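Model, not experiment: these values are computed from the prediction. Counting starts at 1 for both ligands and their atoms, following the listed order. Just so it is clear, the values below take in all heavy atoms, side chains as well, and ignore hydrogens, waters and symmetry mates.
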Amino acid sequence: MILLDGKSLSDTIQQNIIKECATLDIKPGLAVVLVGDDAPSRAYVNMKERACQNVGFFSCKHELPQTCTQEELLALIATLNADPKIHGILVQLPLPKHIDTSVILESIAPHKDVDGFHPYNVGRLNTNLDGFVPATPLGVMSLLESYQISVRGKDVVIVGASNIVGRPLATLMLNAGASVSICHILTKDVAQYTSRADIVCVGVGKVNLITESMIRQDAVVIDIGINRLDSGALVGDVDFANVAKKASAITPVPGGVGPMTIASLLQNTLKAAKQIHCDTSKGAGI
Ligand code: GUN
């Protein structure tokens, strides 16, 4: 069984970003926006900001209260869209219920949309064109690639159909030549799908959702779930101890997909900075 070590690959990617940054005459800049006081969101935002500092990016965190209006958030995004020091904008989700998430995501300039959530980038991914790809699915693909696990011609099952993970991951897998099934809340028999899959990816936030009996011998298992137990321990959605005995490769939690999300966000920010710099230096002035 191979343990897919996302922490180690993330560290390598970050070292490479540091080296590439040293050759650039611009400093990539990421703005992270946090609305409200959701504790996990705060922790993720802090992690993203720290990662930027570690690779030498410029970063700024904007915190708005839970009660802020949609117009206030739109005004902040308009300022960031126009700020030449900022190449990437990330609005941490979920947003408070009184704010329309799709209006906010569509207000981010597509060329600064390092989360890949703007319909422009979603459409580009769906038509297999270059654009910004959401960080978690991108991290999953990079991890598989680094272990030379090809998805071409494979049967892939994704459990979870979120816009952040499941749907874009399914599209990336399809674009890479996999036959993809997506299971979701209405799926009658998830095990019927997972037990036939070469590669099972799960990210729904439910402890022990995937058990040993639900996967076939030598399947590749990608755990995108993050759950905090009452003990304080972090676990994924997979019964790791038992599934690992049957899988040919599996991601741990923590240390699997999580660090890859950070690495991919940094890669997207670097890509945004290079594109903006390149286009403006040619006079395009996006
Ligand atoms: N909430 C959970 N995951 C993500 C993510 O990748 N980006 C943003 N912006 N919010 C999230």
Side-chain angles (χ1 to χ4, degrees), residues 6 10 13 29-52 57 59-64 66 68 73-74 76-77 80-81 86-97 99-110 112-122 125 131-143 158 160-172 201-206 222-228 234 236-237 251 253-254 256-269 271-272:
S10 175
I13 290 171
L30 177 70
V32 183
V33 180
L34 175 66
V35 183
D37 30 45
D38 178 58
S41 289
R42 182 174 296 278
Y44 293 136
V45 160
N46 288 342
M47 238 186 298
K48 290 167 185 178
E49 221 205 343
R50 215 172 310 128
C52 280
F57 288 3
S59 72
C60 59
K61 182 167 69 178
H62 294 266
E63 294 196 33
L64 297 177
Q66 179 79 17
C68 91
L73 182 52
L74 287 171
L76 171 60
I77 293 168
L80 297 171
N81 280 341
I86 298 300
H87 306 100
I89 301 170
L90 181 151
V91 178
Q92 186 67 25
L93 303 180
L95 290 169
K97 292 220 162 30
I99 294 177
D100 185 335
T101 301
S102 57
V103 169
I104 297 305
L105 295 179
E106 283 195 61
S107 76
I108 296 172
K112 295 192 177 186
D113 173 36
V114 287
D115 252 332
F117 296 162
H118 190 291
Y120 174 84
N121 284 308
V122 175
L125 177 61
F132 290 109
V133 175
T136 300
L138 185 59
V140 170
M141 300 307 284
S142 302
L143 191 56
I158 294 166
S162 68
N163 288 340
I164 295 178
V165 178
R167 286 166 192 257
L169 181 57
T171 307
L172 282 170
C201 305
V202 55
V204 300
K206 204 163 169 211
I222 306 294
D223 193 347
I224 311 164
I226 303 179
N227 309 287
R228 193 169 289 280
L234 271 188
D237 292 350
T251 56
V253 177
V257 174
M260 291 305 301
T261 297
I262 300 284
S264 302
L265 172 66
L266 296 173
Q267 284 178 319
N268 280 349
T269 305
K271 173 174 167 167

Under a 4.0 Å heavy-atom limit, does [X] contact ligand 1 with its side chain, its backbone, both, or neither?
{"X": "Leu93", "result": "both"}
{"X": "Tyr44", "result": "neither"}
{"X": "Thr261", "result": "neither"}

Which residue and atom name correspond to the protein heavy atom nearest [atom], and how close is it?
{"atom": "atom 6 (O) of ligand 1", "result": "Asp115 OD1, 3.8 Å"}
{"atom": "atom 11 (C) of ligand 1", "result": "Gln92 NE2, 3.3 Å"}
{"atom": "atom 3 (N) of ligand 1", "result": "Ile164 CG2, 3.8 Å"}

Heavy-atom pair with the smallest gap, counting every atom of [X] and [Y]:
{"X": "Gly236", "Y": "Asp223", "result": "CA-OD2, 3.3 Å"}
{"X": "Thr136", "Y": "Thr261", "result": "OG1-OG1, 3.0 Å"}
{"X": "Lys112", "Y": "Asn81", "result": "NZ-O, 2.9 Å"}
{"X": "Leu138", "Y": "Ser264", "result": "C-OG, 3.8 Å"}

Notebook entry, point to check: Should Pro94 be counted as touching ligand 1, given the test is an N or O pair under 3.5 Å?
Noted result: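 Such a contact does not occur with ligand 1.
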Note to self: With nothing but distance in play, are any N or O atoms of Thr136 less than 3.5 Å from an N or O of ligand 1?
What the structure shows: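 No, Thr136 has no N/O under 3.5 Å of an N/O on ligand 1.
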Next item on the list: Just jot down the ligand 1 atoms closer than 4.0 angstrom to any heavy atom of Lys48, in number order.
Entry: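 So the answer, numbered in order with elements, is 5 (C), 7 (N).
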Check: What pairs with Glu106 under salt bridge (Lys or Arg N to Asp or Glu O under 4.0 Å), at least two apart in sequence or on another chain?
Finding: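 So Glu106 forms no salt bridge (Lys or Arg N to Asp or Glu O under 4.0 Å) with any residue.
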Donor-acceptor list for residues 32-44 side chains, cut-off 3.5 Å, not counting sequence neighbours:
| from | atom 1 | to | atom 2 | distance (Å) |
| --- | --- | --- | --- | --- |
| Asp38 | OD2 | Ser41 | N | 3.1 |
| Asp38 | OD2 | Ser41 | OG | 2.7 |
| Arg42 | NH1 | Glu63 | OE1 | 2.9 |
| Arg42 | NH1 | Glu63 | OE2 | 3.3 |
| Arg42 | NH2 | Glu63 | OE1 | 3.2 |

